[in-house]
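Have a look at the structure below, then the notes.
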Amino acid sequence: MIHNLALAGCGNVGTALLEILNEKRAELSERHGFNFRVTLITDLMKGTVLEPEGLDLEKVLKDLKESNSLDSFPKAQGAFGELLERSRSTMMAEATPTNLKTGEPGLTHIRTALSRGIHVTTTNKGPVSVAFDELTTLAKSCGAKFRYEGVVMSGTPLLQMLQYGMAGCTVQKIEGILNGTTNFILTKMNESGSSYADALDEATSLGYAEADPSGDVEGWDAAGKVSILAKVIFGKNIPVSEVDRQGITCVTPEKIKEASENGYAVKLIAGLNMLNGIPYAYVTPKEIPLSHPLASIKGATNAVSITTDNLGEVTLIGPGAGRRETGQALLVDLIAMCKD
Ligand code: HSE
């Protein structure tokens, strides 16, 4: 079977997915039975290109590399649902920028695809955080699959581990570093004496930061992630606005230096626990003793410790941001959806 893939959002992450798909086409077919053609790419800045027989990926990638555009292709117009139908899409990867207040434009893309029975994977925290119940119910009622591995810890498979690998465990609490950009900034400020602004610029150019990086530095991104984890782990709604949240904008180079001299590293810590049936989620900068494993997590790496009944404490460390790392999250979901 050949899957017709639509890509909504062709920025860093969407482009990385296309690169991986192009590089690994033979391996994906042989090892995973995943055969595909990309029939639709739509991007707010680059326009929409559509070919039901499959776009020439080499040509698409050349355009993206040389001019960050899709200008070699004629542009298609139309409402999103119509574009999905004309491209005969059967799967969609959604990687538009996150808006944690409205979930848009991803929310409309995902609703439109699921309601047509098109399987969806997204790396976009907005729709998952804003409309988790609606989208999972819609997927079920339309016979479509809905996966979102990349919304927490990019391609590091935290959600698959929680949902499948740890099925049957009761999670009591989780705590860790869930935002790559802020960890990158804090690491740079501590180790290379970079200024806050330079470190943020570097995180942005490496593709770690959100389209609006205030979402990272003010803790909204990590808050969105714990809000999603509250749903996945406890089945509880904690809206992002109810996460007890503080970002790193108050962390000065002096504070970092002083902490370091006293044997601590400043980290933006996100956590979630359940007290007497009431879930509590927070994001806050904390001074972590240098002897603690979280103190050694550098750059855009994330780490999370999960305390459970059957397994005690399980710690997962891996990339938390990055173009190829997040492209991998879309890929693992596409492979899973073609196998399920
Ligand atoms: N901006 C996010 C981060 C990207 O830095 O962690 C991955 O969600």
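Residue indices begin at 1 and follow the sequence shown. Just follow the structure's listing: the first ligand is 1, and inside any ligand the first atom is 1.
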Hey, are the side chains of L334 and H119 touching, using non-hydrogen atoms and a 4.5 Å cut-off? no

Is there a path of hydrophobic side-chain contacts, each under 4.5 Å between heavy atoms of I, L, V, M, F, W or Y residues, that connects L7 with V120? no

Counting C-beta onward and ignoring hydrogens, is there a side-chain heavy-atom pair between V128 and L135 closer than 4.5 Å? no

Residue shell around ligand 1, heavy atom under 4.0 angstrom: K125, N179, G180, T181, Y208, A209, E210, D216, D221, K225, G320, A321

Whether F34 and H3 hold their rings parallel, tilted or perpendicular, with breakpoints at 30° and 60°: tilted

Is there a side-chain contact between E287 and K255 in this structure, where contact means two heavy atoms from C-beta onward sitting under 4.5 Å apart? no

Show every donor-acceptor pair shorter than 3.5 Å between a side-chain atom in residues 264-281 and any protein atom, with sequence neighbours excluded, or say none if there are none.
unit_1	atom_1	unit_2	atom_2	d
K267	NZ	N183	OD1	3.1
K267	NZ	I297	O	2.6
Y280	OH	D244	OD2	2.7

